[in-house]
Trainee: 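Just dropping this structure here.
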Amino acid sequence: MLDIQQLRTDLDNVARQLAKRGFVFPIDAFNALEAERKKIQTRTEELQAQRNAASKRIGQAKAEGGDVTAIMNQVAHLGDELKQAEAHLDRIKREMQAMLLEIPNLPHASVPDGKDETCNVQIRRWGEPRRFDFTVKDHVGLGEELGLLDFEAAAKLSGARFSLMKGGLARLHRALAQFMLDTHTQEHGYQETYVPYLVGRDSLRGTGQLPKFEQDLFAVSAGGADAAGIPEYHLIPTAEVPITNMVRDEIIPLQALPLKYVAHTPCFRSEAGSYGRDTRGLIRQHQFDKVELVHIVHPDDSYEALEQLVGHAERILQKLELPYRVMTLCTGDMGFSAAKTYDIEVWLPGQNAYREISSCSNCEAFQARRMQARFRNEQGKPALLHTLNGSGLAVGRTLVAVLENYQNADGGVAIPGVLRPYMNGLDQLRKSEQNASEL
RNA sequence: GGAGAAAUGACCGAGUGGUUGAAGGUGCACGCCUGGAAAGCGUGUGUACGGCUCAAACCGUACCGCGGGUUCGAAUCCCGCUUUCUCCGCCA
């Protein structure tokens with residue numbers, strides 16, 4: 001949510017900045033609503049003041065045993081008008097709030113202009129894609145030929161965009177998540193958290209998924225779908241939601257900052273509107289695991305924190321020796337809540353392309369304002385925090401990257417060195433039946 | 001799922017219709033005192049929104065879990081909800 005004060009005083013500039021990300025600010029509607037708000041609020045408060053003054057006099061008169069009917073008559077007519085004014089003001093405030101909740105964050109000055117992902121800017125590259133002297137397979141071919149990846153079974157159980165892994169592959173998937181958690185907690189100073197996978201609407205509003213992106217979420221109601229108009233819970237689309245909302249309606253003491261949390265969770269996304277995209281394989285699933293990093297920081301420190309955050313995510317790929325590049329997203333490609341976003345894209349030999357494996361964003365005070373997430377500043381006054389989040393990393397996509405980058409001519413897949421301790425020492429996924437049962 | 005109890009400021013805690021933003025205490029800040037500290041004494045100590053302002057001061061409004069209602073007036077009365085605790089049932 002943007003600062004209403006800023007909208008009142010600097011509207012044209014705000015509208016111009018939002019236009020860069022393809023958002024058309026309803027200037028006229030806003031101004032009209034704001035003018036009405038001012039008028040009605042002034043009137044309402046005036047009436048309230050009259051009522052309060054009269055009531056006070058009634059109290060005094062009664063205490064002195066005086067006659068009260070004269071004042072009562074004076075104030076009698078106020079009731080209806082006041083009630084009407086209050087209702088009107090309430091309506092306007094709701095309307096204003098609804099408008100505010102639909103407006104995306106302002107892009108930071110350092111974000112490149114552009115309409116879509118073709119305008120993103122590469123800022124660095126790490127590692128060289130390996131050269132293969134055989135025809136590479138993609139992760140689907142590899143996983144299915146190993147007998148460890150079964151999309152048919154997943155489709156039978158749940159439908160499209162679900163996956164089922166077995167044996168060494170399922171173990172590798174778990175190993176990746178463990179490895180990421182261990183690295184972030186032991187080397188990068190994050191506190192591990194275990195969080196709910198079902199969250200309420202307030203939480204989703206806080207981080208910006210609601211009200212605008214309801215169709216991207218899965219809703220859950222106790223007692224089944226028939227029970228509900230408004231669903232009780234939503235499955236988290238990312239651990240960013242539960243983790244960041246830990247500070248909702250809180251005032252964090254200055255010396256507690258920065259807060260750095262990591263969680264490994266499944267994520268659930270409806271992928272509405274992505275029909276036909278990435279239909280093959282593990283890249284785009286309704287359910288996937290992710291290790292998520294969240295920073296809750298002092299506003300002065302948030303851009304430094306963003307650089308650290310990206311570095312922490314990159315560190316995972318470096319340890320796995322997977323080539324990647326870091327992109328600054330342009331204004332037109334950023335998510336709703338972000339002021340600045342870096343995407344990390346990993347090299348996938350099966351697609352002969354770099355594909356997103358992490359997205360790290362500074363949301364500045366955008367989420368904090370929605371959440372009323374504050375800290376007590378140097379003057380002892382509550383002030384809005386800045387929130388950041390980033391994948392560190394998407395586990396499923398990392399698994400894809402390992403399979404494709406570490407494949408051998410015989411269809412086997414080497415286990416990256418850092419993962420072997422998590423794999424009971426196994427150094428290779430082989431095309432043998434035993435493979436699965438050895439573990 | 002059933003029965004009961006509770007929810008007040010940073011914290012504890014008083015307050016069953018009338019100058020209550022809210023007694024008292026703790027904590028915190030500042031001052032006095034002291035060689036220094038403690039104790040003691042004094043003063044102060046919420047947030048949000050709006051008006052007027054360059055700004056501050058000032059003024060107004062709202063806020064005692066949340067949402068409604070009754071009333072000239074609600075922390076206080078009524079209704080609904082949420083959360084926490086206790087007991088019973090069920091359960092990984």
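Computed from a prediction, not measured in an experiment: that's the story for all the values here. Within every chain, numbering begins at 1; the chains are lettered A, B, ... in the order of the sequence lines, protein sequences first and strands thereafter.
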Trainee: Quick one, which residues of residues 35-44 of chain A touch RNA chain B with a heavy atom under 4.0 Å?
Mentor: A:R37, A:K38, A:Q41
Trainee: Starting at CG of A:D202 and ending at P of B:U83, how long is that distance when rounded to a whole Å?
Mentor: 12 Å
Trainee: Both distances below 3.5 Å, Watson-Crick or wobble geometry, any strand: find the nucleotide opposite B:U20.
Mentor: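 Result: none.
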Trainee: Does any nucleotide pair with B:U83 by Watson-Crick or G-U wobble geometry, both distances under 3.5 Å, and what is it?
Mentor: B:A6
Trainee: Quick one: which of B:G60, B:U19, B:G18 gets closest to the side chain of A:A49?
Mentor: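 That would be B:G60.
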Trainee: Side-chain N or O of A:N52 less than 4.0 angstrom from OP1 or OP2 on B:C72?
Mentor: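 Result: no.
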Trainee: Between A:H234 and A:F218, is the ring centroid distance below 6.0 Å?
Mentor: no
Trainee: Which whole-number value in Å describes the distance from A:K93 NZ to B:A62 P?
Mentor: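 So the NZ-P distance, A:K93 to B:A62, works out to 11 Å.
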Trainee: In whole angstrom, give me the gap between the P atoms of B:G27 and B:U70.
Mentor: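 My reading of the P atoms in B:G27 and B:U70 gives 45 Å.
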Trainee: What is the distance, to the nearest angstrom, from the CG atom on A:N377 to the C1' atom on B:G46?
Mentor: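 So the two atoms are 14 Å apart, to the nearest Å.
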Trainee: For atom P, what is the distance between B:A6 and B:A14, given to the nearest Å?
Mentor: 12 Å
Trainee: If you check the A:I58 side chain, which of B:U61, B:C72, B:U47 turns out closest?
Mentor: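 Looking only at side-chain atoms, A:I58 lies closest to B:C72.
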Trainee: Distance check needed: B:C63 C1' versus A:Q372 CD, whole Å only.
Mentor: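 About 13 Å, once rounded to whole Å.
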Trainee: Side chain to side chain contact (heavy atoms under 4.5 Å, CB included) with A:S163: which of A:D150, A:L282, A:L169, A:V140?
Mentor: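 Result: among A:D150, A:L282, A:L169, A:V140, A:L282 is the only option passing the side chain to side chain contact (heavy atoms under 4.5 Å, CB included) with A:S163.
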Trainee: Of A:Q50 and A:G59, whose nearest nucleotide on RNA chain B comes first from the 5' end?
Mentor: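 Its nearest nucleotide being more 5', the pick is A:G59.
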Trainee: Atom CZ of A:F375 and atom C1' of B:A10: how far apart are they, to the nearest Å?
Mentor: 17 Å
Trainee: Shortest non-hydrogen contact from A:Y190 to A:Y261?
Mentor: CD2-O, 3.4 Å
Trainee: Side chain of A:K56, base of B:G18: donor and acceptor closer than 3.5 Å?
Mentor: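 Such a pair does not exist between side chain and base.
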Trainee: Work out how far the C1' atom of B:U45 is from that of B:U84, and round it to whole angstrom.
Mentor: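 It comes out at 30 Å once rounded to the nearest Å.
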Trainee: In whole Å, what separates the P atom of B:C49 from that of B:A29?
Mentor: 27 Å
Trainee: Of all heavy-atom pairs between A:A394 and A:K290, which one has the smallest distance, and what is that distance?
Mentor: CA-CG, 4.0 Å
Trainee: Is any side-chain N or O of A:K83 closer than 4.0 Å to OP1 or OP2 of B:U70?
Mentor: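 Looking at the OP1 and OP2 atoms of B:U70, one of them is under 4.0 Å from a side-chain N or O of A:K83.
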Trainee: In whole angstrom, give the distance that lies between atom CD of A:E34 and atom P of B:C49.
Mentor: 13 Å
Trainee: Name the pairing partner of B:G1, where a pair is Watson-Crick or G-U wobble with both distances under 3.5 Å, or state none.
Mentor: B:C88
Trainee: If B:G60 has a Watson-Crick or G-U wobble mate with both distances under 3.5 Å, name it; if not, just say none.
Mentor: B:C49
Trainee: Counting only side-chain N and O atoms of A:K381, is one of them less than 4.0 Å from OP1 or OP2 of B:G46?
Mentor: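 No, because none of the side-chain N or O atoms of A:K381 sits under 4.0 Å from OP1 or OP2 of B:G46.
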Trainee: For A:R376 and for A:E46, find the nucleotide of RNA chain B with the closest heavy atom, then tell me which residue's nucleotide is more 5'.
Mentor: A:R376
Trainee: Given the P atoms of B:A3 and B:A10, what is the spacing between them in whole Å?
Mentor: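 Their P atoms lie roughly 36 Å apart.
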Trainee: Across the strands shown, which category fits A:Q60 at heavy-atom distances under 4.0 angstrom: base, sugar-phosphate, nothing?
Mentor: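 Here A:Q60 touches the bases of the nucleic acid.
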Trainee: Grab the two heavy atoms, one from A:T341 and one from A:D343, that are nearest each other, plus how far apart they are.
Mentor: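 Reported closest heavy-atom pair: CG2-OD1, 3.7 Å.
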Trainee: Quantified in whole Å, what is the P atom distance between nucleotide B:G31 and nucleotide B:A38?
Mentor: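 Here B:G31 and B:A38 have their P atoms 13 Å from each other.
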Trainee: Considering only atom P, compute the distance from B:A56 to B:U47 and round it to an integer number of Å.
Mentor: 15 Å
Trainee: Do any N or O atoms from the side chain of A:R397 and from the backbone of A:I283 form a donor-acceptor pair under 3.5 angstrom?
Mentor: yes
Trainee: Would you check if A:N105 and A:F336 make a side-chain contact, meaning some heavy-atom pair closer than 4.5 Å?
Mentor: no
Trainee: Rounding to an integer number of angstrom, what distance separates B:C77 and B:G2 when you compare their C1' atoms?
Mentor: 28 Å
Trainee: Can you find a pair of side-chain heavy atoms, one from A:L217 and one from A:L235, that are under 4.5 Å apart?
Mentor: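 No, their side chains stay 4.5 Å or more apart.
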Trainee: What is the separation between atom CD on A:Q48 and atom P on B:U61, rounded to the nearest whole Å?
Mentor: 8 Å
Trainee: Could you check which nucleotide pairs with B:G42 in any of the strands shown, counting Watson-Crick or G-U wobble with both distances under 3.5 Å?
Mentor: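 Base partner found: B:C30.
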Trainee: Quick check: does any side chain N or O of A:H298 sit under 3.5 Å from a backbone N or O of A:P258, one acting as donor and the other as acceptor?
Mentor: no
Trainee: Round to a whole Å and report the spacing from CD of A:E86 to C1' of B:C63.
Mentor: 14 Å
